[in-house]
**Q** 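What follows is a single structure, and I will ask about it in a moment.
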Amino acid sequence: MAAPASTTPLFAQYNGVKARYPGHLVLFRVGDFFEAFGDDAKLLARELEIVLTARAPDSSGERLPMAGVPHHALDSYLGRLVRKGYKVAVCDQVEDARLARGLVRREVTRVVTPGTALEERLLPGPDHNFLASVQLPATGPGAFAVVDITTGEWFDGVAAAPGVDALLAELAPFVPREIVVGAAAPTLAGLRTTLQREFPSARLEPAPVETSAAGLPSALAPPAAAGPSALAAAGQLAAYLRATQPRLIGSIERVVFAGADRRLALDARTLRHLEVTRPMNPDDPHGATLLSSWDETVTAPGRRTLGLWLRRPLADLAAIRERHDAVEAMVGRGAELLGLRSELRTFADLSRIAARIAGRRVHPPELAALRTSLETVGRLRAWVERAPEGALGDLRARLTVPAGVLERLTTAVSEAPPPTPAGPGLFRAGFSPELDALARAESDGMAQLEALERREQEATGIRSLRIAYNSVFGYYLEVTRPHLAKVPERFRRKQTVAQAERFTTDELQRVEETILSARDRRADAEAQAWEQLLAEIDPAVPGLHRLCRAVGELDTLATFALLAQERGYVRPVVDDSRVLQIRDGRHPVLDRTLAGQFVPNDTDLDGGGTRLLVLTGPNMSGKSTYMRQIGLLVILAQAGAFLPARAARIGRVSGLFTRMGFTDEIGRGKSSFMVEMSEVAEILRAADDRSLVLLDEVGRGTSTFDGLALAWATLRHLHDRVGGRTVLATHYHQLTELIQALPGATSAHLAVRETGDEVVFLHRLVPGSTDRSYGLHVARLAGLPPELVVEAERLLRSLEASGVSLPGRARRAAPTRYTQAILLASDAPAPSSAAEAALRGVDPERMTPMEALQFVTEWRRRVMAERTDGGA
Ligand code: ADP
Ligand code: MG
C-alpha cells in the first residue's frame, strides 16, 4: 500500500511496523482500538463488515482511510480474518500509556496466520489444523512436510512420482489451511494454481528466502534417504514456524507409525468424489460425508483421529489387523463400552491446552480442565487393562501421564482459577509462602481501610462517609455536599464530583501505600509464578500430545465398536489377495440416512478371472451409489472399521482412484470433456495391479462414437495393462458386448421392474447388462409437462420404427439415448456394425503386432458369433 503521507510520530511508528511486516495485515493499537490504515483499512472494512472512516486531513490535505476493532473483541475478529486466509501482525502497546514519556512504545506482539493459530477462537473446531510446506523441483518428485502445532504432530514424505499431481495426492489427506510453497521457477506458477484450486481456503505463503538446514531440529529431520527436496520442505517449514511461533517448535514431534509407509493412497479427487470428509456440493457445505455420518466420537482428539484415519487409511496388513482386533475386543464388552465413552466425554482437548502452554497463550481455567482430564487417564487405562491381553495393542502403555504434571497442577492451581492469570485466586493457598504473605499484607491493608472508614465516620459524625477507589486518584474519603461543613482540617481535597468532594488524609495515604505496594508485588510475584509453572510444564508438552493421541485412538476404536454393536456391522477380512468380495454390502452413509430402506448388494471380484465389472442400468437405478459404496467400504475396512455388510473379504488395496460425473468440476476452469480425459489419463498413469479404479461414465462429454471408442479403449487398457480391480458404470451398453472378448471382465446391471406404465427401481444388482434407459419415465417423474413427454414418446416411436443404424445395434431399433448421435452424424455415414466402429477407432500405426493380432482374432470371433446368433 502507499505509505500514509501523514508525518506525525504515531504514523512514523506505524510505517516502521508496516515496513518490517510486508504482506501482513497490520492491526495497530491506538487507545482502546486496534486500527488499520490505508489499503489495510479498506480490506478490514470489507472483510469484517465494519465501518470505514478516515483520519482528519494532514498537512498535505490527504485523508487516510481508517478502520478499527475494539481491543477486547480482537480474538473474534482475528478468527474471522485467519479463516479467510489472512496473515495478521498485531502491534500492541508494550508500556503503560500513563507512564510513557512521549510516544507509547509499540511492538508486534503476535503474528497470526491460518496455519499457526493456537487460540480456540482462531481454530475451525476440533479438526486438525495443518500448516504444510511443499517443494517441487524442476525434475524428480516433490516432497512435503506438514505440522499441526496445536497437536504437536509433524508428518513428511516424498511424492510417488514427479509432478504436481503426485505431490498433491500426498498432501490431500491433510487438507492444509496454509502452505509454504517452494519450487523451482518453471514449476512454481503451475504449483500455486493447482494448490489454490484444490485447497481454495488455504493461504499460500512464499518460501522464506533463507532457510538453512541448520535451523531444522534434528528431531524433525526426514531420513537422509528421503533426499534433498524432503530436507528443503522440512527446512522451510521449520523456518516459517520459527518466524511465527518460535516457542512451539520444541514441542513438535515427527509422527512415525509402524507400517506407515504402506497406505491406501486417496488423492484429492477421490477424497472429494467419495465425500470422505468434505461434501462435494459447494452449495451444501453441511451435506453428509463419511466423516459426519460416522462421527460418534466424544472427544476432540477422537474426532481428529477419525478424520485422519478416514483420509489416510492403512495398507499394511498387520496394522489393519491390529485395529480390527481392538474393535473386536471392544464390541465383545457390550455395555462396558458405554461406560468407557462416558469417561472419555470428560476429556478436554488436552493437546491444544498443552500447545497453548508452550505458546504462553493458555488461560488458568484450561489448566483446571487439563488437571481433570489427567485424572481420568488412570480410569481409561484401567478400562484398557480389562481387555484381553494384547487386544488393544500398545494403548495401555501409551495412556501415561508425563511425570510430575498432575502433581504440579494439583498443588499449584486453585480449584476454580480466574479467567486470566492477572486475577487473584489463581494459586492454591500454601503453594508459595511469598505469594501467601503478599496476599496477607494486602488483605491486612484492606482491613485497616475498613477500620479507618469506621473511625472517620465516628470522628466526623458523617455516617455516609465512604472510602472508595478509582484508578486515577487512588483511595479517597468521599463526603456528600450536605455534610461538607463537618469536614475537619486534616482532610485534604483530592477531587470534586457533582454531588460530593473527595479527600485524603496522612493515615489514608499510608494505608493506601501499603495496599498498593502489596498488590503490585503480588501481581509481579504471581506473573512470575505463572511463568515458572508454565516453564515447568513445558518439557511435558510432547508427552501430553502423545497421551492425547492415544486417547484419540481409543475414542475412535470405541466409535467403530459402538457402530458395530448398535448396527451389527461385521469385521472384514483384509488379506494379501486381490479379492473384493462383499455380501449384502450397504452404502455406509445412505445406510444411516435411509435407515432400513437401503437395498444391500453383493460385490464379487477376484482380481483375476473377474477383475473388471461393467455396470449398466437406467438413470437413477443406483449405479453411482453402488460404486461409491464399494470405494467407501474399502476405505473403512482399511481404516480399521467394521462394515455394514453380512461379510466382506478385501484383498489389500494400495490406491483408490475414482472418476465420478462432472458436477463437482464445473467452474474449475476446464471444459468437462477435457477434465474427464485428464482425469482418466492421470488415473491410468498412477494405477497399478493393487489399485481399485472406479469410473462413473467415461466418454460422456463428447459425441457418442468418440465417447464409446474412448470408453472401450480405456477399459481395455485397464484390463490388459493395469490389471487392478475396476468397476465402470456406463450408459454405453455396447461395452458389455465388447467386453465379452476380455477374459477378466464381467457385467452386471441394476434391476428395474416394469408393471404396465409403472417403472420401479429395485436398486438390486443382477448379472448381465441392460439396454433400457427409461429416460421418458424419469422425465415424467421429474415433472416435465405431460404434453411434452407425450410428444417425446411420439418421436421415440418414429425413430425406433425407422431403424436408424447405431454402433453395435445394426439390426435393432434405435433406443432413445442415441438420438444425439443421429443428430450429430454429419457427412460421415454412421458405421453399420460394431466391427466397423471398432475398425474406425483403431490406428494401426500405433498398434504393436501383438495388439493387431489380438484385435483381429477378437473381432473375427465376435463376427462369427453374431452369425450363429442369427442376429437375434
Ligand atoms: P444412477 O447413478 O444409476 O443414476 P444413483 O446411484 O445416483 O443412480 O442413485 C439414485 C438414487 O437411488 C439415490 O439417490 C438413492 O436415493 C437411491 N438408491 C441408489 N441405490 C440404492 C440402494 N441400494 N438402496 C436404496 N436406494 C438406493
Ligand atoms: Mg450416476
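When a ligand or atom number is given, it counts from 1 through the structure's own listing order. Just so we're clear, the structure is a prediction, and the values are computed from it rather than from any experiment.
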**Q** Say whether T616 and Y732, considering side chains only, have a donor N or O and an acceptor N or O under 3.5 Å apart.
**A**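 The answer is no; no qualifying pair exists.
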**Q** Under 2.8 Å from the Mg ion (ligand 2) - does any N, O or S atom of N619 fall there?
**A**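 Short answer: no, not a single N, O or S atom is under the cut-off.
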**Q** I'd like to check whether Y626 has a polar contact with ligand 1, where a contact means an N/O of the residue lying under 3.5 Å from an N/O of the ligand.
**A**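 Such a contact does not occur with ligand 1.
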**Q** So for ligand 1, is N601 a polar contact partner (N or O within less than 3.5 Å, distance only)?
**A**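 Min N/O separation from ligand 1 is not below 3.5 Å for N601.
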**Q** So, is Q597 polar-close to ligand 1, with some N/O to N/O distance under 3.5 Å?
**A**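 Q597 vs ligand 1: no N/O contact under 3.5 Å.
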**Q** Using the side chain to side chain contact (heavy atoms under 4.5 Å, CB included) rule, pick out the option among V693, L728, V680 that qualifies with L718.
**A**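 In the set V693, L728, V680, the residue that makes a side chain to side chain contact (heavy atoms under 4.5 Å, CB included) with L718 is V693.
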**Q** Do you see a protein non-hydrogen atom under 4.0 Å from atom 2 (O) of ligand 1?
**A** yes
**Q** Under a plain distance cut-off of 3.5 Å, with no hydrogens placed, do T658 and H273 share a side-chain donor-acceptor pair?
**A**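 Yes.
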**Q** Does the protein put a heavy atom under 4.0 Å from atom 14 (O) of ligand 1?
**A** no
**Q** Determine whether any heavy atom of P618 lies closer than 4.0 Å to an atom of ligand 1.
**A** yes
**Q** Would T736 and S747 count as having a side-chain donor-acceptor pair, cut-off 3.5 Å?
**A**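 Not at all, the side chains of T736 and S747 share no donor-acceptor pair under 3.5 Å.
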**Q** Which of the numbered atoms in ligand 1 are below 4.0 angstrom from a heavy atom of G622?
**A** 1 (P), 3 (O), 5 (P), 6 (O), 8 (O), 9 (O), 19 (C), 20 (N)
**Q** Can a donor-acceptor pair be found, under 3.5 Å and without considering hydrogens, that links the side chain of E275 to the backbone of L290?
**A** no
**Q** Give me the residue, atom name and distance of the protein heavy atom closest to atom 24 (N) of ligand 1.
**A** V599 N, 2.8 Å
**Q** Which option wins on minimum heavy-atom distance to atom 17 (C) of ligand 1: R764, H587, H731, H763?
**A**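 Selected option, by shortest heavy-atom distance: H763.
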**Q** So if I count the atoms of ligand 1 from 1 in the order they appear, which ones are less than 4.0 Å from some heavy atom of F598?
**A**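 By the 4.0 Å cutoff, the relevant atoms are 21 (C), 22 (C), 23 (N), 24 (N), 25 (C).
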**Q** Please confirm whether M620 comes within less than 3.5 Å of ligand 1 when only nitrogen or oxygen atoms on both sides are compared.
**A** yes
**Q** Which residue supplies the protein heavy atom nearest to atom 6 (O) of ligand 1, what is that atom called, and how far is it?
**A** T625 OG1, 2.6 Å
**Q** Would you say S621 touches ligand 1, if touching means a heavy atom closer than 4.0 Å?
**A** yes
**Q** If I take atom OG1 from residue T730 and atom CG from residue L715, how far apart are they, to the nearest 0.5 angstrom?
**A**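 It comes to 8.0 Å.
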**Q** Quick one: does R583's side chain have a donor or acceptor within less than 3.5 Å of a partner on A645's backbone?
**A** no
**Q** May I ask you to check if R323 and W309 form a cation-pi contact, with NZ or CZ under 6.0 angstrom from the six-membered ring centre and within 45° of the axis?
**A** yes
**Q** Out of all atoms in ligand 1, which are within 4.0 Å of some heavy atom of N619? Include the element for each.
**A** 4 (O)
**Q** We want to know whether D267 and T270 form a side-chain donor-acceptor pair, criterion being a heavy-atom distance below 3.5 angstrom.
**A**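 The answer is yes; a qualifying pair exists.
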**Q** Are side-chain heavy atoms of V331 and Y569 found at a separation under 4.5 Å?
**A**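 They are not in side-chain contact.
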**Q** With respect to L594, determine whether any N or O atom, backbone or side chain, lies less than 3.5 Å from an N or O atom of ligand 1.
**A** no
